[in-house]
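Okay, structure first, notes after.
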Amino acid sequence: MLSLKRIFLIMAITISGSLASAENYIPLVQPSKTGGLSIMETLWNRHSDREFSDKMLSNQDLSDLLFAASGINRVEDGKLTSPTALNKQEIDLYVFTKEGVFKYIPQGHRLQPVAEGDQRALVAGTPQFSQDFVLTAPVCLLTVANPQKFDQMSEMATMMAVTDAGIMSENICLFCAGRGLSVVPRATMDRDAISKLLNLPEEAIAVLNLPVGYPK
Ligand SMILES: Cc1cc2nc3c(=O)[nH]c(=O)nc-3n(C[C@H](O)[C@H](O)[C@H](O)COP(=O)(O)O)c2cc1C
């Protein structure tokens, strides 16, 4: 698989050559079907960690992490590893790295580049309050809830969408506990700046972010 840095380089060349295409997806390796601790060992191991090695996740660990969060585990009807109310699948998952920001696309298990450069400071916090340990995590996941995907915008739609983002976050925490990765679920971030960067719809809510890496 190409490195994320090379992908952005290729994108820049392609766009400047007026050959821009919406199909600049990065394929992920196939997710594993085995491995990790047992469910009970995982639960005994679940905890928050705020220290990370700066080593990038392996292609396999990144693939498995995203599959655990929101991958398609029933190909016949496209349903996901994390449940959503009415199967609306209204949670988007973004991946912030040193190289750029990517959206996880469960269909085809791939990444779509959405922003260039290191944007992890927006995940760390605001100018008023920031947690700098986030900058040491090689991968920061971000769950974005889209309550507008329910038939009607309402308090109930918002409640379901935010709940679904929480469920996805717990999938991520349990995967990390079972695979020996460090993670912490976080509400702190610069929501306005992230919304602008990712061009989120007005109704979308950046719910939780999760810095992930190998233990220090
Ligand atoms: C909704 C939610 C928001 C959180 N926000 C933050 C945060 O902004 N920064 C942080 O360092 N930890 C954050 N945490 C992590 C909690 O502080 C942590 O889960 C709690 O102290 C319990 O520790 P444990 O996860 O090791 O059991 C958050 C956890 C949850 C569930």
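Numbers for residues simply follow the sequence, beginning at 1. In each ligand, atom 1 is the first atom listed, and ligand 1 is the first ligand listed.
Taking the centre and axis of the six-membered ring of Tyr25, the NZ or CZ atom of Arg110 falls inside the cone set by 45° and 6.0 Å.
Using a 30° and 60° split on the angle between ring planes, His109 and Phe67 fall in the perpendicular class, above 60°.
The nearest non-hydrogen atom to atom 7 (C) of ligand 1, considering only Thr188, Val134, Asp49, comes from Thr188. Of all the listed residues (Arg50, Arg186, Glu170), Arg50 holds the heavy atom that lies closest to atom 11 (O) of ligand 1. Between atom 9 (N) of ligand 1 and the options His47, Met189, Gln131, the minimum heavy-atom separation is to Gln131.
A salt bridge does not link Asp61 to Lys55: none of the charged side-chain nitrogens sits closer than 4.0 Å to a carboxylate oxygen.
The protein heavy-atom contact nearest to atom 2 (C) of ligand 1 is Leu208 CD2, 4.1 Å. At the top of the distance list for atom 18 (C) of ligand 1, counting protein heavy atoms only, stands Ser48 OG, 3.7 Å. Of the protein's non-hydrogen atoms, Pro185 O, 3.1 Å is the one closest to atom 13 (C) of ligand 1. Here the protein heavy atom with the shortest distance to atom 5 (N) of ligand 1 is Ala187 N, 3.0 Å.
Put simply, atom 22 (C) of ligand 1 has no protein non-hydrogen atoms near it, under 4.0 Å away.
The nearest pair of heavy atoms linking Ala204 to Gln148 is N-OE1, 4.1 Å. Here the closest non-hydrogen pair linking Ala206 and Arg191 is O-NE, 2.7 Å.
Those atoms of ligand 1 with a heavy atom of Val184 less than 4.0 angstrom away are 12 (N), 15 (C).
When Leu210, Val184, Val212 are each tested for a side-chain contact (heavy atoms from CB on, under 4.5 Å) with Cys173, only one passes: Leu210.
Under a 4.5 Å side-chain heavy-atom cut-off, the cluster of Ile, Leu, Val, Met, Phe, Trp and Tyr residues that includes Leu208 is completed by Val162, Ile205, Val207.
For Arg46, the closest heavy-atom approach to ligand 1 falls below 4.0 Å.
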